[in-house]
Amino acid sequence: MKIILNGEEILINNNISLLDLLELKNISQKNIAIEKNRKIITKNSWRKEKLNENDIIEVITAVGGG
Amino acid sequence: MIDKDLFLNNKSYISRLIIGSGKYKNFDETKKALEISGAEMITVAIKRTNIGQSYNDKNLLDYIDPLKYKILPNTAGCFNSEEAIRVSLLAKELLNDNLIKLEVLQDKETLLPNEDETLMAARELVNLGFSIMVYTTDNVSLASDLEKIGCIAIMPLASPIGTGQGIINPNNLKKIIHNSSVPVIVDAGIGTASDATIAMELGCDGVLLNSAIAMAEDPINMAEAMKHAVIAGRKAFIAKRMKTSKIARASTNKKNSIS
């Protein structure tokens, strides 16, 4: 199925969780926050939060800024 | 007279310098500049993580000890209140803190604050329980409105972001300082050490800068210069400068002169 991850369309298998997605895309769980369809998903829910077709996922972190 | 510490969001700070973490050559340079500047608070931006990077690549947060430094996330890159609120909520989730530097800009060209959207975002964020340090123009009445809403620090620009032009309108800055009962921290436009000193001599409670250090030819030396500049300006403000005079006045007493 298709989802949008940080603005880019990607294809993933059905029935995967946010945590699976992080592992699949090699994203460290440290120092990130996640939004699914504009709603923040707290870290303790990443395992149970399943992804659906056309979900929009944003994985954010802190970068340099003034 | 003994000076008070800067007090922000239930925490006191000895240093009145806040530095940004952008535009450094690498994280090591950011860390060194932070250490030598004496700053106890550092701003960060909230952006998408780089999906392509290696699992073991370092993150900026790996270089800032949260026990030693207060991390101040900003809403840089937001042009309306909705975006700024969204980024603030993400920052709160990421850093587990309600402190935010609210920055809502007018356009990409001038990078000047959008006054209406800043006000709207500030109202909503106060309702959501955020402690807001707000980036604003040097508009005196807007600064007063932002304080009334409940912002914990008013942060007027010295001059536009990244220009290094120093303080363009010291009179407005003085009025904002005079009217404000929350800390006033000059944010943006500082170019060199003397600009920071002047801001502090005017009575600002602190200075926030990024490019002035990061874009100096030698950022580490400039970070140290800024530390001293802010201390010098603050001490001069506390000491209350001499009155200026239109006529020369000798420093030596005339009494007992040989001629």
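Worth saying up front: this structure is predicted, and the values here are computed from it rather than measured. Here is how names work: the chains are called A, B, and so on, in the same order as the sequence lines, proteins then strands, and each is numbered from 1.
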Notebook entry, point to check: If you measure from NZ on A:Lys30 to CG on B:Asn59, what distance do you get to the nearest 0.5 Å?
Noted result: 7.5 Å
Next item on the list: Look up atom CD1 in B:Ile64 and atom CG in A:Asn31, then write down how far apart they are to the nearest 0.5 Å.
Entry: 9.5 Å
Item checked: Shortest non-hydrogen contact from A:Ile41 toward B:Glu93 -> O-OE2, 4.3 Å
Next item on the list: Output the distance between atom CG (A:Asn6) and atom OG1 (B:Thr49), rounded to the nearest 0.5 Å.
Entry: 7.0 Å
Notebook entry, point to check: So which heavy atom on B:Leu90 is nearest to which on A:Glu35, and how close?
Noted result: CD1-OE2, 3.8 Å
Notebook entry, point to check: So which residues of residues 57-66 of chain A are in contact with chain B at a heavy-atom cut-off of under 4.5 Å?
Noted result: A:Glu58, A:Val59, A:Ile60, A:Thr61, A:Ala62, A:Val63, A:Gly64, A:Gly65, A:Gly66
Next item on the list: Count the heavy atoms of every other residue, nucleotide or ligand shown that sit under 6.0 Å from CD of B:Glu109, and state whether that count exceeds 12.
Entry: no
Note to self: Heavy atom to heavy atom, less than 4.5 Å: which residues from residues 185-200 of chain B reach chain A?
What the structure shows: none
Notebook entry, point to check: Residue by residue, which of residues 204-230 of chain B have a heavy atom closer than 4.5 Å to a heavy atom belonging to chain A?
Noted result: B:Leu208, B:Asn210
Item checked: Most contacts with chain A, counted as non-hydrogen pairs under 4.5 angstrom, among B:Val87, B:Leu94, B:Leu60, B:Ile161 -> B:Leu94
Notebook entry, point to check: Does anything in residues 23-45 of chain B get under 4.5 Å of chain A by heavy atoms, and if so which residues?
Noted result: B:Thr43, B:Val44, B:Ala45
Check: Counting only heavy atoms not in B:Asn127, do more than 12 sit closer than 6.0 Å to its CG atom?
Finding: yes
